[in-house]
Amino acid sequence: MTATYKLVQWNRHKRVYDVALTLACTGYLATFVAVGLAMPEPGRTVGTEVLAMRALGTLAIVLLHLILIIGPAARLTTLAAPLLYNRRHLGVTFFLVALLHAIIALGFYGGFGVRNPISSVLAGYASYGSASGFPFEVLGFAALLIFFVMAATSHDFWLAILGARFWKTLHMLVYVAYALVIAHVALGPLQSEPSPVHGVLLILGVVTIGTFHIAAGIKELRTDSSAIDADDQQWIDVADVGDLDDNTASVVCLRSEERIALVRHDGSISAVSNVCAHQGGPLGEGRVIDGCLTCPWHGYQYRPADGQSPPPYTERLATYAVRIEGTRVMVNPKPNAPGTRVEPARIAGSKESS
Amino acid sequence: MNERTEQDPMYVGYLPLPTRHRVFLALLIPALMLALIGTATLIAAGQRDPGPAMWNASEERAWSGTLITTPYPMLIEDDGTTHLIVEMGKRGAHERSTLGPDPRAAEVHGYELRRSGRRIIELAPDADAITITGPPARAHTPNELGPGTVRGEIVDGKCFLGAMKPGDGKAHKSCAILCIQGGLPPMVAVRDDPFDPTPDEILLLLVDGSPTLSPELLELVASPVEIFGTRSRLGTLGTIDASPNDIRPLP
């Protein structure tokens with residue numbers, strides 16, 4: 001969370017994350033090259049430039065799968081939150097690896113000839129109607145362009161400039177790029193390899209990503225199935241006071257697909273939008289830390305009473321009026337303008353901590 | 001309302017790592033590292049054999065024999081051993097090889113590429129990489145073997161003989177096309193199995209007597225094809241000469 005923009009807001013977790021990521025990438029590349037130089041026998045091995053291209057290309061695909069798994073994994077278990085926290089470093093690393101792969105491919109397959117390297121690789125042949133003649137390089141290039149836009153706009157500066165909704169939509173293009181990458185591999189390198197290992201691994205990757213997304217989707221549907229119909233009601237009954245633990249939040253789903261984060265803190269209950277102003281994280285799955293509702297994704301914080309980030313931060317959430325009738329918590333489903341203070345509903349018999 | 005939130009400490013990136021996350025990561029990170037190394041091993045070990053191709057780019061050598069430029073620049077040694085001649089990079093050596101009427105006795109300096117009995121000399125960069133040494137010892141005429149049909153893959157000779165490993169297959173298609181466009185010899189790796197690293201033969205492909213391929217035929221490079229044409233032998237080099245309509249893609 002930041003009030004000013006820095007290239008990277010370093011902390012211990014990010015450093016550990018990046019060290020682990022660097023070790024993982026180095027280990028993968030070193031293993032690939034070492035095994036590649038030993039197979040099938042010395043003197044009859046794949047050329048070093050091709051080996052480098054393949055090592056980088058396959059590493060990029062492995063990293064892309066990890067990136068796409070982390071999102072739904074974090075929806076399924078809060079244990080995956082540390083993987084999500086610094087995912088943009090993983091994303092930028094992935095892009096750089098993919099870019100290196102593309103540069104080597106352009107240099108060696110497209111270089112040293114009588115044509116421009118880019119034109120020779122991207123427009124050298126064009127039998128789009130056949131699998132064996134389809135220029136698979138074009139698919140990889142299109143995916144790389146998308147990844148470039150994503151990597152270039154991954155910083156919070158661009159998130160603020162573009163707005164969370166547009167930024168999120170833009171970054172959802174990762175699924176289009178993923179499909180392009182799968183087609184790039186299936187219509188290119190896979191056709192050059194007789195071993196089923198590569199195809200099986202690719203299918204395994206696609207199935208794994210699909211499974212995580214379906215599981216996360218089912219979890220969301222279950223949450224949605226408990227949605228409360230708020231049509232024409234000024235107050236809706238959302239919970240029993242006894243169901244809410246102190247310093248925690250809960251998600252209330254409305255039929256209108258709106259979600260409200262219900263926060264119990266300091267003997268009172270407040271309600272704010274469930275959608276974090278940073279990247280849309282689920283605030284109702286967060287906790288109250290230092291008096292602020294804290295997003296489980298990146299730690300953005302908001303005061304429960306007015307939905308505002310504490311100064312000097314400027315993020316704001318919509319707030320909702322809350323009252324308690326007996327032991328029932330009632331919420332007015334009409335959102336107030338972001339940052340509007342609403343008096344928290346006092347729980348009878350509870351004491352303020354300060 | 002959703003299920004009641006657990007009371008375990010929540011992970012926040014800028015706060016100390018909760019114990020349950022620490023335990024989870026202590027198990028997950030080594031497991032991920034092992035999975036990555038296992039994946040790298042599986043993929044690298046599963047690469048196909050690029051074949052017994054050799055490019056000795058570090059040792060300049062000299063060869064003597066008869067230099068001819070038609071249908072493709074080549075040097076035929078006295079014992080019949082035939083070397084196609086190419087430039088560095090993805091370019092043919094027609095210009096530097098044309099030093100007078102065919103055939104001429106010559107000495108050629110360069111670097112050897114070799115695969116399954118086929119040989120290519122990549123000319124040294126020196127201006128005198130080809131030196132005419134006198135009249136030819138004897139003229140070499142193609143020994144026509146008659147019509148024949150072969151199946152295999154059109155490759156560029158230089159990459160396939162060792163400049164790229166592998167120098168065939170779909171992933172190498174754009175490179176092979178660029179090489180042939182630059183004047184490197186189109187060759188046919190004759191084999192029924194497209195992944196066989198040791199083709200039955202490696203033939204110089206001529207289309208109506210020329211090693212130049214039309215854009216339509218370039219599309220067939222690096223794909224399985226069937227070629228009906230006239231087969232010949234020049235020194236140790238086998239050739240197949242076909243008309244464009246007799247070069248067909250295989251499914």
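To find a chain, count down the sequence lines: A is the first, B the second, and so on, and within it residues start at 1. Just so it is clear, the values below take in all heavy atoms, side chains as well, and ignore hydrogens, waters and symmetry mates.
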Problem set entry | Heavy-atom pair of closest approach, residues B/G46 and A/S195 | O-CB, 3.4 Å
Problem set entry | B/L15 backbone acceptor or donor facing A/H13 side chain under 3.5 Å | yes
Problem set entry | Most contacts with chain B, counted as non-hydrogen pairs under 4.5 angstrom, among A/G27, A/A38, A/G111, A/G36 | A/G111
Exercise. A/Y17 versus chain B, heavy atoms under 4.5 Å apart: side chain, backbone, both or neither?
Worked result: neither
For this session: Would you mind telling me which of A/T45, A/T58, A/V121 has the largest number of heavy-atom pairs within less than 4.5 Å of chain B?
Result: A/T45
For this session: Output yes when a side-chain donor or acceptor of B/K173 lies under 3.5 Å from a complementary backbone atom of A/G188, and no otherwise.
Result: no
Seminar exercise, completed: Bottom line for A/A55: the part with an atom under 4.5 Å from chain B's heavy atoms is neither
For this session: State which residues pass side chain to side chain contact (heavy atoms under 4.5 Å, CB included) with A/T294; sequence neighbours excluded, sorted by chain then number.
Result: A/I289, A/Q301, B/M10, B/V12, B/Y14
For this session: Flag yes if more than 12 heavy atoms outside B/R61 fall under 6.0 Å of its CZ atom; otherwise flag no.
Result: yes
Exercise. Which atoms of A/R54 come close to chain B, meaning under 4.5 Å heavy atom to heavy atom: side chain ones, backbone ones, both, or neither?
Worked result: side chain
For this session: Kindly say whether B/S223 contributes a backbone atom to a donor-acceptor pair with the side chain of A/S132 at under 3.5 angstrom?
Result: no
Problem set entry | Heavy-atom contact with chain B under 4.5 Å, split by part of A/L66 | side chain
Exercise. So which of A/G124, A/P117, A/S127 has the largest heavy-atom pair count under 4.5 angstrom toward chain B?
Worked result: A/S127
Seminar exercise, completed: Turns out that what part of A/T48 lies under 4.5 Å from chain B's heavy atoms comes down to neither
For this session: Identify which part of A/L122 has an atom lying under 4.5 Å from any heavy atom of chain B, answering side chain, backbone, both or neither.
Result: neither
Exercise. Any donor and acceptor pair, going by atom type alone, linking the side chain of B/R20 with main-chain N or O of A/L79 inside 3.5 Å?
Worked result: no
Exercise. Top residue by heavy-atom pair count (under 4.5 Å) with chain A, among B/M88, B/Q47, B/M33, B/Q181?
Worked result: B/Q47
Exercise. Under 4.5 Å between any side-chain heavy atoms of B/L25 and A/L83, yes or no?
Worked result: yes
Exercise. Distance-only, no hydrogens or angles: does the A/H298 side chain make a donor-acceptor pair with backbone N or O of B/G13 under 3.5 Å?
Worked result: no
For this session: Kindly write out the residues that satisfy side chain to side chain contact (heavy atoms under 4.5 Å, CB included) with A/P189, not counting sequence neighbours, or none if the list is empty.
Result: A/F136
Exercise. Using a cut-off of under 4.5 Å for heavy-atom pairs, which of B/G182, B/A171, B/P197, B/G89 has the most such pairs with chain A?
Worked result: B/A171
Exercise. What part of A/V50 gets closer than 4.5 Å to chain B, counting heavy atoms only: side chain, backbone, both or neither?
Worked result: side chain
Seminar exercise, completed: Counting heavy-atom pairs under 4.5 Å with chain B, the top scorer among A/L29, A/V35, A/V46 is A/V46
Exercise. When only pairs under 4.5 Å are counted, which of B/L17, B/D168, B/L218 shares the most heavy-atom pairs with chain A?
Worked result: B/L17
For this session: Hey, can you tell me if B/H172 and A/Y109 have their rings parallel, tilted or perpendicular (30° and 60° cut-offs)?
Result: perpendicular
For this session: Sort out for me which of B/V221, B/T41, B/L178 touches chain A most, counting heavy-atom pairs under 4.5 Å.
Result: B/L178
Exercise. Side chain to side chain contact (heavy atoms under 4.5 Å, CB included) between B/I43 and A/Y28: does it pass, once the steps are laid out?
Worked result: CA-CA 11 Å; B/I43 297 175; A/Y28 182 96; 3.6 Å; yes
For this session: Inspect the surroundings of CZ in A/R222 and state if more than 12 heavy atoms from other residues, nucleotides or ligands are less than 6.0 Å away.
Result: no
For this session: Could you check which of B/K170, B/M164, B/E219 has the highest count of heavy-atom pairs closer than 4.5 Å to chain A?
Result: B/K170
Seminar exercise, completed: Applying a strict 4.5 Å limit to non-hydrogen atoms, the region of A/V62 in contact with chain B is side chain
Exercise. Does A/I118 CD1 have over 12 foreign heavy atoms under 6.0 Å away?
Worked result: no
For this session: Could you look at A/S120 and say if it's the side chain, the backbone, both or neither that has a heavy atom under 4.5 Å from chain B?
Result: both
Problem set entry | Segment of A/C295 engaging chain B (4.5 angstrom heavy-atom cut-off) | backbone
